[in-house]
Amino acid sequence: MNVDKGYVDAPIDSTLNLKEEIIKLKKEKNAVILAHYYQKGEIQDLADYIGDSLALAQIAARIEAPVIVLCGVHFMGETAKILCPDKKVLVPDTKAGCSLADSCPANEFEKFIVEHPGHTVISYVNTSAGVKALTDVLVTSSNARQIVESFPEDEKIIFGPDRNLGNYINSITGRNMTLWNGACHVHEQFSLAKTVELKKQYPNAKLLVHPECKNSIVVLADKVGSTAALLSYAIESDAQEFIVATESGILHEMKKKCSNKTFIPAPPEDGTCACNDCNFMKLNTLEKLYNCLKYEQPVIEVDSEVAEKARIPIQRMLDISEKLGL
Ligand code: 13P
Ligand code: SF4
């Protein structure tokens, strides 16, 4: 089957009920669907598990089914494949990349590490397998603080690739990690001025901010955290209104879990764009998921030497997280 486009481009009978067919295929193939909170709502609704990057890695590590369909972006599929080398790991559209991962090419990161000898390398999970292979320990936005704090205060640390998450962790831990200058195009576009205006319009609303956002937005937040942490905060809070500064997909689960509360997407700088959508995450569609399960393509492959090196910092992250009860 040709997957040059990044997905299986086979014709689909238009009379099919795709949701039912996907559920049937999933059983037939003994496959498990994992979906990130940024996926389209209809994909999240079909998933066996939905979660943030940490949860998806933790679930992938313990899954027994022979086929994992990772509805997320490419690095998430790679992480699952590295953790489960004997399983078939599928991503409906392998062109679902990540601007943050792309902002840190492995060869340039390697030079950066050489320029900073004696440093421990901590990388965000939003990286290619090649960057993971150069890393001592991985983090996600759920565990970055605790993992950084698990090192002695005087440890010299390189943190990559997200300068915003790195700055945020420096600010709350008092560390002075050397940061790679990368960022996510979705989280960098929220407008400070418009968010301040929106807060005036909704004075009782809590502002929920992902730490990939710029510092100017982070400092205004009532809660800074991973997608899962923002969701939990919204569920547990007595507040009725929330302004959400992260990718729009999380609103689906927030609205499902809190049907009586109001969620307002934080405004982007450019009022005319759909910038709160991650164009990569949204490449996965029901049609591509259906064909992916039907033809068991496209598969995620990771060079075995790279995978062997990359598994060490991923496993280290999972071990520390387990020890800390995360
Ligand atoms: P989470 O760690 O919250 O899943 O974030 C992943 C991501 O890609 C944020 O842009
Ligand atoms: Fe990458 Fe940003 Fe999309 Fe997350 S939202 S997958 S960091 S491009």
Side-chain angles (χ1 to χ4, degrees), residues 34-40 43-44 47 49-60 70-80 91-105 122-128 131-132 138-147 160-166 168-169 180-190 208-214 217-218 221 223-234 244-254 265-266 268 273-284 314 317-318 321 326:
L34 271 55
H36 190 268
Y37 288 124
Y38 294 165
Q39 289 293 286
K40 289 172 190 279
I43 291 185
Q44 292 188 45
Y49 301 94
I50 44 174
D52 66 359
S53 320
L54 176 62
L56 296 183
Q58 288 169 324
I59 294 162
L70 200 309
C71 295
V73 290
H74 191 266
F75 78 80
M76 296 176 176
E78 273 189 343
T79 304
V91 170
D93 188 335
T94 53
K95 295 246 161 82
C98 168
S99 56
L100 180 51
D102 289 348
S103 71
C104 188
I122 302 185
S123 298
Y124 193 31
V125 72
N126 296 41
T127 44
S128 65
V131 167
K132 289 183 174 74
L138 261 297
V139 299
T140 75
S141 49
S142 278
N143 57 21
R145 177 189 192 143
Q146 291 89 337
I147 290 184
D162 189 15
R163 59 173 176 251
N164 294 320
L165 178 63
Y168 172 65
I169 299 298
W180 178 266
N181 192 19
C184 156
H185 72 300
V186 179
H187 288 86
E188 282 237 307
Q189 51 74 36
F190 294 110
L208 311 181
V209 177
H210 196 282
E212 285 176 26
C213 293
K214 285 188 276 196
I217 305 279
V218 167
K223 173 70 184 172
V224 181
S226 73
T227 43
L230 299 182
L231 175 64
S232 302
Y233 182 90
V244 185
T246 188
E247 209 272 351
S248 58
I250 187 66
L251 297 177
H252 180 71
E253 191 62 10
M254 284 176 169
C273 68
C275 326
N276 296 18
D277 288 345
C278 171
N279 50 318
F280 299 115
M281 284 279 181
K282 270 34 181 193
L283 280 179
N284 294 324
I314 301 174
M317 168 183 83
L318 294 178
S321 300
L326 299 170

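This chain uses plain numbering: 1 for the first residue, then up along the sequence. Both counts, for ligands and for their atoms, begin at 1 and track the order of listing.
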Under 3.5 Å: donor-acceptor pair, side chain of K132, backbone of V125
yes

Indicate yes or no: at least one non-hydrogen side-chain atom of T140 is less than 4.5 angstrom from one of M317.
yes

Heavy atoms, side chains only, cut-off 4.5 Å: are N284 and K40 in contact?
no

Heavy-atom side-chain proximity of K282 to E247 below 4.5 angstrom:
yes

How would you list, by chain and number, every residue that makes a side-chain contact (heavy atoms from CB on, under 4.5 Å) with P265, sequence neighbours excluded?
L251, N276

Please tell me if the side chains of P161 and T127 come closer than 4.5 Å, counting only heavy atoms from C-beta onward.
yes

Provide the number and element of each atom of ligand 2 under 4.0 Å from a heavy atom of E212.
7 (S)

What protein N, O or S atoms come within a distance below 2.8 Å of atom 3 (Fe) of ligand 2, ordered by chain and number?
C278 SG

Neighbouring protein residues of ligand 1 - any heavy atom closer than 4.0 Å
H36, Y38, D52, S53, Y124, N126, S141, H187, H210, E212, S226, T227

Should the pair F280 and H185 be assigned to parallel (<30°), tilted (30 to 60°) or perpendicular (>60°) ring geometry?
perpendicular

I'd like to check the side-chain contact (heavy atoms from CB on, under 4.5 Å) partners of D102; sequence neighbours left out, ordered by chain and number.
none

Report yes if the side chains of H74 and C98 come closer than 4.5 Å at any heavy-atom pair, otherwise no.
no

Do the side chain of Q39 and the main chain of Q44 share a donor and acceptor less than 3.5 angstrom apart?
no

